[in-house]
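To start, the structure under review is shown below, and the notes come after it.
The residues of the chain are indexed from 1 along the displayed sequence. All ligand and atom numbering here is 1-based and tracks the order in the structure.
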Amino acid sequence: MQRRRSKSVAGTAPNPKKLDVPLRKLSTSSPFTFRRKKSSNVTDVRIAFVGTLGVGKSALTVRFLTRRFIGEYENSADYKYRHMMSLRDEIVHLEVLDARSENDLSNDVIRWADGVCLVYSITDLSSFWTLRTWAHKIRECRKNLVCEFILVGNKQDLSHFRKISTENGRALASELGCSFFEVSAAEDYQSICDALCKLYQEVTLYKNRRKMSIFGRVFKNSHK
Ligand SMILES: Nc1nc2c(ncn2[C@@H]2O[C@H](COP(=O)(O)OP(=O)(O)OP(=O)(O)O)[C@@H](O)[C@H]2O)c(=O)[nH]1
């Protein structure tokens with residue numbers, strides 16, 4: 001069945017900045033508190049939503065950025081958004097990519113992202129198993145550079161059509177060594193926010209550790 005294409009989400013994002021792919025327009029109302037902080041406290045993190053066709057990547061992205069669920073989204077390209085939020089006393093600059101993936105996960109997306117949100121639909125078995133292959137592909141492609149990811153089962157509100165149990169979701173996450181969340185872009189904002197915050201924390205932890213080890217190496221070499 002042909003999927004309905006609708007217009008982009010209406011409105012304008014708070015200070016949207018154009019990136020190298022089309023930037024969708026977002027609602028003016030932001031769910032986050034915009035507080036000015038010292039620039040040293042600002043952290044940049046790139047997060048990509050990936051998953052097979054129709055699992056709800058756009059719905060999750062828009063829900064996270066605007067708290068809204070629109071229903072139908074334009075799906076003709078990858079979309080990046082620039083977003084700023086306040087998280088535990090820290091200003092966080094996020095670049096969020098809603099990656100349009102047909103049957104494969106592109107290496108460009110893997111190389112671009114600091115953190116990946118692997119999304120499946122709990123009503124679609126193949127969307128679930130595909131992610132196992134993709135997670136291994138991410139690890140392989142990044143080699144020494146870790147790319148943090150989380151596993152997200154979307155469409156929790158459609159539990160009467162459920163094909164993947166919560167236990168199966170948890171089992172795959174533990175096999176992949178990542179955190180697991182079940183969410184509904186249609187009905188719930190908080191669990192999506194929790195999932196993204198967890199991913200953000202894991203990414204920054206990794207980035208900080210990496211920075212420290214590089215700094216440690218430089219320091220050691222300069223004192224030889
Ligand atoms: N019931 C329900 N429907 C959802 C949910 N999330 C997304 N949908 C619906 O699922 C369909 C696909 O959602 P999209 O957000 O366009 O999915 P996508 O993964 O971005 O799709 P592609 O870009 O085509 O790969 C739309 O009809 C959404 O309204 C959800 O949590 N619950």
Is a side-chain donor or acceptor of N154 paired with a backbone partner of V55 at a separation under 3.5 angstrom? yes
Within the 4.0 Å heavy-atom cut-off, what D157 brings close to ligand 1 is side chain
Is there a side-chain contact between E140 and H136 in this structure, where contact means two heavy atoms from C-beta onward sitting under 4.5 Å apart? no
Is the shortest N/O to N/O distance between G56 and ligand 1 below 3.5 Å? yes
At under 4.0 Å between heavy atoms, what of L158 touches ligand 1? The answer is side chain
Using heavy atoms and a 4.0 Å limit, tell me yes or no: is F49 in contact with ligand 1? no
Have a look at S58, G51, A185, S121 and point out the one with the heavy atom closest to atom 31 (O) of ligand 1. A185
Angle class for the F180/Y120 ring planes (parallel below 30°, perpendicular above 60°, tilted otherwise)? parallel
If you count the atoms of ligand 1 from 1 in the order shown, which ones are under 4.0 Å from a heavy atom of S184? 31 (O)
Test of understanding: given a 4.0 Å heavy-atom threshold, classify the contact between V183 and ligand 1 as side chain, backbone, both, or neither. neither
Side-chain (D114) to main-chain (R46) donor-acceptor, under 3.5 angstrom: yes
Q156, any N or O under 3.5 Å of ligand 1 N or O: no
Interfacing atoms of ligand 1 (cut-off 4.0 Å, heavy-atom, A186): 2 (C), 30 (C), 31 (O), 32 (N)
The side chain to side chain donor-acceptor pair (under 3.5 Å) partners of T123 (sequence neighbours excluded) come to S121
Sub-4.0 Å heavy-atom contact, G54 with ligand 1: yes
Does NZ or CZ of R63 lie under 6.0 Å from the centre of the six-membered ring of Y189, at an angle within 45° of the ring axis? no
With no hydrogens and no angle check, is any side-chain donor or acceptor of K155 less than 3.5 Å from a backbone partner on A185? no
Within the 4.0 Å heavy-atom shell around A59, which atoms of ligand 1 are there? 6 (N), 7 (C), 15 (O)
Test of understanding: with side chain to side chain donor-acceptor pair (under 3.5 Å), list the residues that count as partners of S159, not counting sequence neighbours. none
With atom 11 (C) of ligand 1 as the reference point, say which of R63, K57, K155 has the nearest heavy atom. K155
